[in-house]
Amino acid sequence: TQKTYCRYVPERKDDFAWENDRIAFRMYGKALEGTSEDAYGLDVWAKRTTRLILNERYKRGEYHIDHGDGLDFYHVGFSLGAGNIAPFVNDSIWYSKNYHSYRILDNGPLRSAFQLNYDEWNVAGKKVKVAKIISLDAGNQLNRVQADFTYTGSSELPVAVGIVKREDRGEEMFSEKNGTMAYWEPQIGDNGITGVGSVFMQPVNETMTKAHLLANFQTKNKQVIYYTGACWNKAGLITNAKEWFSYISSFKEKLQNPLIISIP
């Protein structure tokens, strides 16, 4: 049974969307730039079924209505959304434009992986490009993200991974020591609650901003590898902030202590 899936969505302004048996995501493409719908960050599609639902939702075109399997009610706008990454220089996030080209590397049954390429943009006078390799395994709430930056000079680039915060209070967890950050959003009407979280394998600093929970660090050989993703309380698997924060912490522990199977 196929449990992960990803695809380019030309019929919806160059979206790139992907999902597993738990959750779904999308990134915005070039055709959305300059429109009223444009957004910068990583988007979450809530789902409460183990079935693959992306194609059905795009065909229906009613993303914001729950037909029994979930919906898109996560708001990204001009933010990093659910854990996107961008250079962080002079106390500012330097957003790229939307991705320009893609390459599918793997597409199920248990892992989907793809590369998104971004055009060069200005970062405090420096010309920067990035390629992101994103993979999602079956059964996981979090994606693995590898961001490879290209720019002149050998100095390391300060970057930040961010989770957008809402005006109403949510619950926050940030551990510089453990390299984890998570956010349990406020309830959004009848749609429920989204939990968002990120896990880092290198030392991070917390950067306080009104708009984002931000983890701030340097690239390592112009590369960053981290994990980010989300959950939905109505899926019934993770239903409160305590369970979500515990999931994020244990995800990090498993990365640090991978299961080793020895066959005598």
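If you're wondering where the values come from, they're calculated on a predicted model, not measured in any experiment.
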Does a donor on one side chain and an acceptor on the other come within less than 3.5 Å for Tyr5 and Asn20? no
If we count only N and O atoms by modelled type, under 3.5 Å, do the side chains of Asp14 and Tyr8 hold a donor and an acceptor together? yes
CD1 of Ile85 to OH of Tyr226, rounded to nearest 0.5 Å, is 5.0 Å
Any cation-pi pair here, Arg7 with Tyr102, using under 6.0 Å and within 45°? no
Interatomic distance, Glu120 atom CD to Lys129 atom NZ [nearest 0.5 angstrom]: 6.5 Å
For Lys47 and Leu52, work out which heavy atoms get closest and say how close. NZ-CA, 4.1 Å
So is Arg166 actually on top of Tyr74's ring, under 6.0 Å and inside 45° of the axis? yes
Mind telling me whether Tyr58 and Trp45 have parallel, tilted or perpendicular rings, with 30° and 60° as the class edges? tilted
Please indicate whether Glu11 has more than 12 foreign heavy atoms, meaning atoms of other residues, nucleotides or ligands, lying under 6.0 Å from its CD. yes
Given side-chain contact (heavy atoms from CB on, under 4.5 Å), test Phe217 with Val161 step by step and report yes or no. CA-CA 9 Å; Phe217 44 96; Val161 171; 4.0 Å; yes
Does the side chain of Asp137 pick up a donor-acceptor pair with the side chain of Asn143 at under 3.5 Å? no
Between Phe114 and Phe16, does a side-chain contact (heavy atoms from CB on, under 4.5 Å) hold up when you go through it step by step? CA-CA 10 Å; Phe114 53 93; Phe16 196 97; 3.4 Å; yes
Closest contact, heavy atoms only, Arg144 versus Ile225: NH2-CD1, 3.3 Å
Please report the shortest heavy-atom distance between Ile93 and Ala86, naming the atom on each side. CG2-CB, 3.7 Å
Check this for me: Asp190, atom CG, are more than 12 non-hydrogen atoms of other residues, nucleotides or ligands nearer than 6.0 Å? no
Using every non-hydrogen atom in the two residues, find where Ala131 and Asn117 come nearest and quote the distance to one decimal. CB-OD1, 3.5 Å
Has Lys97 got more than 12 heavy atoms of other residues, nucleotides or ligands less than 6.0 Å from its NZ? no
When you look at Arg26 and Asp72, which way does the salt bridge (Lys or Arg N to Asp or Glu O under 4.0 Å) test go after all the steps? CA-CA 10 Å; Arg26 68 172 164 173; Asp72 172 20; 3.0 Å; yes
Pair Asn216-Thr207, side-chain donor/acceptor within less than 3.5 Å: yes
Determine, using the 4.5 Å side-chain heavy-atom cutoff (strictly less than), whether Tyr40 and Leu80 are members of one ILVMFWY cluster. yes
Does Tyr118 have Lys132 sitting over its ring (NZ/CZ under 6.0 Å from centre, angle to axis within 45°)? yes
Between Tyr28 and Asp15, does any side-chain donor sit less than 3.5 Å from a side-chain acceptor? no
Start with the C-alpha gap between His64 and Asn191, add the side-chain angles, then the distance that decides, and say whether side-chain contact (heavy atoms from CB on, under 4.5 Å) holds. CA-CA 9 Å; His64 306 299; Asn191 294 330; over 6 Å; no
Cation-pi check, Lys165 onto Tyr183 ring (under 6.0 Å, within 45° of axis): no
What I want to check is whether the side chains of Gln223 and Thr219 have a donor and an acceptor closer together than 3.5 Å. no
